[in-house]
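First the structure, in the form of structure tokens, and then the observations on it.
Nothing fancy with the numbering, it's 1 onward along the sequence.
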Amino acid sequence: MASRLLHRLRHALAGEGDREGQGGGGSEAEEFPESSELEDDTDGLSTRLSGTLSFTSNEEEEEEEAEENEDDAASQELGDLCEPGLPKNPGATETGDPSPAPAERQGSNLLTRQLQDFWRRSRSSLVPQRLLFEVTSASVVSERSSKYVLYTIYLIRSGQFDKAPAAIARRYSDFERLNRRLRHQFGCDMAGVSFPRKRLRRNFTAETIAKRSRAFEQFLSHLHSITEIRRSSDFLEFFFLRDLQAAQRLTCTGMYREALAAWSNAYRLQDRLGVCNSGRFLLTLAGLVVCHQELDELSEAHCCCQQALQLLEAQASHPLLEPFLQAHVHLSWKVGKDKRQSEARLQGLLGLGVALQQQPTLKEFLIKEALD
């Protein structure tokens with residue numbers, strides 16, 4: 001494009017010079033000083049773009065041909081990306097008017113969808129995800145015989161937006177207990193893990209609280225980066241055991257709305273930590289089914305029941321299998337879903353000699369389960 005403009009500019013200047021020569025020269029040049037300004041601008045532009053553009057007529061023609069070839073190649077590639085069988089430009093007229101046609105717009109939409117699908121796949125498969133620990137708040141709590149700082153920590157997966165946060169609230173003594181247990185169990189791995197030491201004074205100043213907040217974030221991130229520690233029960237239960245115990249207690253006392261909040265947070269914590277195939281997670285799903293059912297939220301209870309049965313699909317003797325199957329059959333009938341597969345699995349258990357009448361319900365199992 002720049003070469004074409006300069007080409008036209010040079011021809012205009014050449015025509016200007018011819019008219020000046022025919023008119024007698026000097027006086028005309030003084031009356032029209034713009035021609036000298038244009039000549040100066042052309043020389044300056046040529047100097048600035050030296051090495052990039054050429055001003056000889058042969059090379060200009062070659063560049064124009066190269067640009068046209070590149071445009072043709074780009075159009076050919078775009079046509080190849082479209083759905084096979086679509087015409088490349090069916091809307092072009094005989095005079096060469098490249099008016100957009102419906103098929104061309106369809107090909108463009110198809111290309112957009114392909115790019116969007118590729119972006120979704122790349123986000124899910126190529127972007128590494130890390131678990132981040134962030135202290136979002138710290139509050140000083142005063143009780144009758146003690147005073148301490150309660151730290152609220154969010155568990156966040158990088159690269160994703162969490163609609164509902166997974167959060168815990170812990171004090172310094174909780175972190176110290178975890179540090180002591182892990183050092184006793186994983187002495188070599190914990191050698192390089194730093195922990196903020198206890199202070200005898202100035203524990204409740206803003207500076208101390210801020211420093212400890214950053215130190216606890218680094219402490220948890222370092223622990224999570226070590227595979228053996230990340231999978232240990234002490235590390236995992238530091239996050240969700242307290243919620244499970246509170247949820248069980250609230251469920252037993254009939255406070256289902258409060259229990260549902262505790263079960264849900266325990267679910268999110270285990271999901272962030274990647275332990276969705278453990279016994280604790282199945283117990284969490286059982287608690288969610290019971291609370292949703294008691295609160296007449298049958299669709300949510302049915303979904304949790306289905307998720308549990310998917311995890312138990314390869315198992316035939318788990319103590320929660322029969323209670324989940326019984327609950328799924330009942331909930332499927334309530335919400336109008338297919339229950340034949342669960343009924344067939346129950347018949348299979350009967351064939352194995354399992355006494356279904358003696359099996360506890362999900363609620364009875366929750367009450368009896370010991371969470372230590």
Side-chain angles (χ1 to χ4, degrees), residues 128-247 249 258 261-275 280 371-372:
Q129 295 182 2
R130 294 189 305 117
L131 186 63
L132 306 177
F133 303 90
E134 181 179 346
V135 177
T136 58
S137 65
S139 57
V140 179
V141 180
S142 297
E143 295 181 346
R144 293 181 180 178
S145 58
S146 65
K147 183 180 179 181
Y148 58 89
V149 180
L150 192 65
Y151 300 88
T152 301
I153 303 101
Y154 276 24
L155 279 69
I156 305 170
R157 281 183 294 209
S158 63
Q160 291 189 358
F161 174 74
D162 295 323
K163 295 181 180 179
I168 60 173
R170 299 291 183 268
R171 52 190 293 185
Y172 180 89
S173 59
D174 297 322
F175 287 98
E176 188 179 36
R177 189 180 306 110
L178 174 64
N179 179 59
R180 187 171 58 252
R181 289 179 177 176
L182 292 178
R183 289 190 186 278
H184 177 72
Q185 188 176 359
F186 306 98
C188 295
D189 294 322
M190 291 291 294
V193 180
S194 59
F195 185 80
R197 65 177 182 271
K198 198 175 186 65
R199 298 171 62 99
L200 298 178
R201 295 183 304 167
R202 300 176 61 83
N203 283 319
F204 305 106
T205 64
E207 181 181 2
T208 300
I209 292 174
K211 288 182 178 179
R212 280 188 173 176
S213 298
R214 303 290 81 78
F216 288 145
E217 290 175 352
Q218 295 172 3
F219 174 68
L220 293 176
S221 297
H222 199 164
L223 294 179
H224 189 262
S225 66
I226 304 173
T227 305
E228 290 77 11
I229 295 178
R230 182 172 65 242
R231 296 173 180 173
S232 66
S233 59
D234 286 329
F235 177 77
L236 294 172
E237 292 182 352
F238 169 80
F239 292 96
F240 56 78
L241 180 59
R242 192 172 300 183
D243 281 281
L244 292 178
Q245 292 171 339
R249 182 172 59 254
E258 294 79 2
W263 288 119
S264 299
N265 192 57
Y267 177 96
R268 291 190 294 269
L269 288 168
Q270 292 173 84
D271 178 59
R272 304 295 188 277
L273 293 167
V275 287
R280 299 292 199 196
L371 291 172
D372 299 325

Atom pair CD (Q185) and CE (M190), whose distance is rounded to the nearest 0.5 Å: 10.5 Å
Result for side-chain contact (heavy atoms from CB on, under 4.5 Å) between Q270 and one of L236, V275, N265 points to V275
Donor-acceptor pair, R268 side chain versus P165 backbone, under 3.5 Å? yes
Test of understanding: with ring pair (Phe, Tyr, Trp, His ring centres under 6.0 Å), list the residues that count as partners of F240, not counting sequence neighbours. none
When rounded to the nearest 0.5 angstrom, what distance separates CZ in R214 from CD1 in I209? 11.5 Å
For the residue pair Y172 and V149, establish whether any side-chain heavy-atom pair is separated by less than 4.5 Å. no
Are any non-hydrogen side-chain atoms of R177 and F238 less than 4.5 angstrom apart? no
Return the set of residues passing side-chain hydrogen bond (donor to acceptor under 3.5 Å, both in side chains) with R212 (not counting sequence neighbours), or none when no residue passes. N203
Is the F133-F216 ring centre distance short of 6.0 angstrom? no
Closest approach of L371 and Q245, non-hydrogen atoms and distance? O-NE2, 3.1 Å
In Å, rounded to the nearest 0.5 Å, how long is the span from CG of D271 to CG of L155? 10.5 Å
Here the salt bridge (Lys or Arg N to Asp or Glu O under 4.0 Å) pairs for residues 183-208, sequence neighbours left out, are E207-K211
Only distances under 3.5 Å count here; give the side-chain donor-acceptor pairs of residues 136-145 to other protein atoms, sequence neighbours excluded, each with its distance to 0.1 Å.
{"unit_1": "T136", "atom_1": "OG1", "unit_2": "T152", "atom_2": "O", "d": "3.4"}
{"unit_1": "S137", "atom_1": "OG", "unit_2": "T152", "atom_2": "OG1", "d": "3.3"}
{"unit_1": "E143", "atom_1": "OE2", "unit_2": "Y148", "atom_2": "OH", "d": "3.1"}

Got a sec, which pairs hit salt bridge (Lys or Arg N to Asp or Glu O under 4.0 Å) with one end in residues 234-246, sequence neighbours left out? D174-R242, E237-R280
Carefully, step by step, assess F239 and L273 under the rule side-chain contact (heavy atoms from CB on, under 4.5 Å). CA-CA 9 Å; F239 292 96; L273 293 167; 3.8 Å; yes
L182 side chain near F195 side chain, heavy-atom distance below 4.5 Å: no
Show your working on side-chain contact (heavy atoms from CB on, under 4.5 Å) between I168 and Y154 and close with a plain yes or no. CA-CA 7 Å; I168 60 173; Y154 276 24; over 6 Å; no
Roughly how far apart are L131 CG and R272 CZ, rounded to 0.5 Å? 8.5 Å
Could you list the donor-acceptor pairs under 3.5 angstrom formed between side-chain atoms of residues 218-231 and any protein atom two or more places apart in sequence or on another chain?
{"unit_1": "S221", "atom_1": "OG", "unit_2": "E217", "atom_2": "O", "d": "2.9"}
{"unit_1": "S225", "atom_1": "OG", "unit_2": "H222", "atom_2": "O", "d": "2.6"}
{"unit_1": "R230", "atom_1": "NH1", "unit_2": "H224", "atom_2": "O", "d": "2.6"}

Walk me through it: do F186 and V193 pass the test side-chain contact (heavy atoms from CB on, under 4.5 Å)? CA-CA 11 Å; F186 306 98; V193 180; over 6 Å; no
Could you state the interatomic distance from CG (L132) to CZ (R157), rounded to the nearest 0.5 Å? 11.0 Å
